[in-house]
Amino acid sequence: MPDTIRQVEYFYMLVPDKVGEAAKALRALRDSGINLLAFSGFPEGRRGQLDFIPADAAAFKSAAKANKWKIVGPKRALLIQGDDRVGAVAEIAGKLADAKINVIALDAVCADGRYGALCWVARRDFKKAAQLLGAQ
């Protein structure tokens with residue numbers, strides 16, 4: 001099965017760097033019936049940044065508003081999925097590098113013979129990156 005590459009919208013919010021902040025947000029989304037295609041959390045200065053890639057952006061925004069979250073977005077990223085193989089992510093990174101597109105961030109994981117990756121590039125490079133990779 002060939003890789004699938006999709007353009008996705010993501011949102012982020014900054015939270016206190018305290019135990020349980022991500023769990024609290026994820027539980028709120030679960031309780032609101034929000035399905036996430038991906039989630040990433042990491043330190044940002046003295047705070048934490050939570051990135052949400054929802055299956056339904058409108059439903060996510062509604063849930064964020066109901067929870068009184070200060071979210072930023074939508075912004076765009078590329079969601080890549082495919083059968084795991086040696087060098088799968090290297091192929092993606094190499095194509096972008098060869099086209100002189102700087103990757104801001106790239107997260108990848110594999111499970112049960114499949115892999116998934118999230119790729120962030122600068123706004124000015126997004127359309128070019130999406131076309132280069134054949135994103136839907």
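Remember, it's a predicted structure, so these values are computed and weren't measured experimentally.
With sequence neighbours left out, L36 forms a side chain to side chain contact (heavy atoms under 4.5 Å, CB included) with L26, L29, I34, F39, F52, P54. With sequence neighbours excluded, the residues satisfying side-chain hydrogen bond (donor to acceptor under 3.5 Å, both in side chains) with Q49 are D51. For R85, the salt bridge (charged side-chain N to carboxylate O under 4.0 Å, His left out) partners at least two apart in sequence or on another chain are D3, E91.
Under the 4.5 Å side-chain heavy-atom criterion for grouping Ile, Leu, Val, Met, Phe, Trp and Tyr, F42 is not connected to L118 through any hydrophobic cluster. No continuous path of ILVMFWY side-chain contacts below 4.5 Å connects I53 to F11, so the two sit in separate hydrophobic clusters. When hydrophobic clusters are built by joining Ile, Leu, Val, Met, Phe, Trp and Tyr residues whose side-chain heavy atoms come closer than 4.5 Å, directly or via intermediates, V15 is grouped together with W69. Connection of I104 to Y10 is established within a shared hydrophobic cluster, with ILVMFWY side chains joined at heavy-atom distances below 4.5 Å, either directly or through further cluster members.
Minimum interatomic distance between N67 and S32 (heavy atoms only, all atoms of both residues): ND2-OG, 4.4 Å. Nearest heavy atom pair, residue L14 against residue R47, reads O-NH2, 4.0 Å. Closest approach of L50 and A25 over heavy atoms only: CD1-CB, 4.0 Å. Considering every non-hydrogen atom in both A130 and Q7, the closest pair reads CB-NE2, 3.8 Å.
Classification of D83 and R114 as a salt-bridged pair holds, one side-chain N sitting under 4.0 Å from a carboxylate O.
Connectivity analysis of hydrophobic side chains (ILVMFWY, heavy atoms under 4.5 Å, direct or indirect) links I80 to I5, L78, V89, I92, L96, I101, V103, L106, Y115, V121, F126, L132, L133. Residue V19 is found outside any hydrophobic cluster, as its side-chain heavy atoms come under 4.5 Å of no other Ile, Leu, Val, Met, Phe, Trp or Tyr.
Remark: the backbone N or O of A90 is not paired with any side-chain donor or acceptor of K95 at under 3.5 angstrom. Checked by atom type and distance alone, the side chain of S62 never pairs as donor or acceptor with a backbone atom of A58 at under 3.5 Å.
Counting heavy atoms from C-beta on, the side chains of K75 and Y12 come closer than 4.5 Å. Put simply, the side chain of R6 reaches to within 4.5 Å of the side chain of L37, judged on heavy atoms.
Listed by first and then second residue, the salt bridge (Lys or Arg N to Asp or Glu O under 4.0 Å) pairs that reach into residues 23-39 are E21-K24, sequence neighbours excluded.
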